[in-house]
Every structure is written in C-alpha cells, then in structure tokens.
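What follows is one structure encoded as structure tokens, with my remarks underneath.
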Amino acid sequence: MYITNSTNQATLTDAYLKDHPDAFSVVRGTYTTEQIAQGFKSGQFNVYPAPKYSIDLLNRQFGTKLIAGQSVNHSNAYPMFNKSADPKLIAAVNKAMKELKADGTLKALSEKWLKGDYVPKD
C-alpha cells in the first residue's frame, strides 16, 4: 500500500497497523502523481487510499487501470480556517459554499477542472 506522509491516510493506516502489525506492507512517501502511477505499473504497491478524483486522474493521465473499491469513509469536504479567523468570514464562506452547491456551480467547477462530479452528497 502506498501512503502519503503526514496525511489522514497515514494516521488511519498507522492506527490499523498498531493492532494488526502484519496485515500489509506500506510504502511511504511524498510521491508525485506520475511516481504513484509508476509505482502501480512496476508492482511496487497495489493499493492507494485516495479520493475518486485521484484515481480517475491517474487512469486518464497515465493509463493506469485502477478501480475504486468501497469507500472507507463518508466524510464531506470542509473549508479550513485559521483558528483566529473572523466568525463572520467563516459564516459568509459557509453560506456561499451552500449556495454554490445548491445552484450547481460547484458541480460545474468539479466537472470542468476535475473531469467529474466530486461534490459531496448530503
């Protein structure tokens, strides 16, 4: 399994391996998308926990034939703010994101830039 350093993937994997130390081997790094594709093609690893858009990107750009397994979580995406962010700014961004999702703008942007609808469902 390939795990990107300092990510939720790494934290979840480390927690699992703590209780199941021999479950699988891990390749850790900060690979580029091309290096991840090469890792699959060379057999260096055969699993990569990633969002669906990353899998689609690897297949489209590098000719990998990856398939998405079952989702390992059901979290939505969240905008992140500095701890000292103005609560009015946070409220305004949250309101705008809700409106952009409702009117289809987020879906259109996702399809344009990510080549698919990756907007979290409610």
Are I3 and F24 linked, directly or through intermediate hydrophobic residues, by side-chain heavy-atom contacts shorter than 4.5 Å (ILVMFWY only)? yes
If we ignore angles and hydrogens, is there a donor and acceptor under 3.5 Å between the side chains of T64 and N59? yes
Is the backbone N or O of V119 less than 3.5 Å from a side-chain atom of D117, with the two atoms forming a donor-acceptor pair by type? yes
In the structure I gave you, are the side-chain heavy atoms of E111 and K115 within less than 4.5 Å of one another anywhere? no
Measure the shortest side-chain to side-chain distance between T33 and L58 over non-hydrogen atoms and say whether it is less than 4.5 angstrom. yes
Once you round to the nearest 0.5 Å, how far does CG of L114 lie from CG of L109? 9.0 Å
Using atom types as modelled, flag every donor-acceptor pair under 3.5 Å from a side chain in residues 43-52 to any protein atom, sequence neighbours excluded.
residue: Q44; atom: NE2; partner: Y31; partner atom: OH; Å: 3.2
residue: K52; atom: NZ; partner: D56; partner atom: OD1; Å: 2.6
residue: K52; atom: NZ; partner: D56; partner atom: OD2; Å: 3.1

Output the distance between atom CG (L66) and atom CD1 (I55), rounded to the nearest 0.5 Å. 6.5 Å
Distance, nearest 0.5 Å, that separates NZ of K107 from NZ of K101: 12.0 Å
Rounded to the nearest 0.5 Å, what separation is found between the CZ atom of F62 and the CZ atom of F40? 12.5 Å
Would D14 and R28 count as a side chain to side chain contact (heavy atoms under 4.5 Å, CB included) if you check the C-alpha gap in whole Å, the side-chain angles of each, and the deciding distance to 0.1 Å? CA-CA 11 Å; D14 290 345; R28 296 174 186 272; 2.4 Å; yes
Does the T11 side chain pair with the main chain of T7, one donor and one acceptor, at a distance under 3.5 Å? yes
For residues Q38 and I36, determine if any side-chain heavy atom of one lies less than 4.5 Å from a side-chain heavy atom of the other. no
Membership question, hydrophobic clusters at under 4.5 Å side-chain separation (ILVMFWY): are Y16 and M1 in the same one? yes
Just by distance, do the side chain of T4 and the backbone of T30 share a donor-acceptor pair under 3.5 Å? no
Show the nearest heavy-atom pair for residues L106 and M97, with the distance to one decimal. CD1-O, 3.8 Å
Decide if atom NZ of K98 counts as having more than 12 heavy atoms of other residues, nucleotides or ligands within a radius under 6.0 Å. no
Where G116 and S110 come nearest, the two heavy atoms and their spacing: O-OG, 2.5 Å
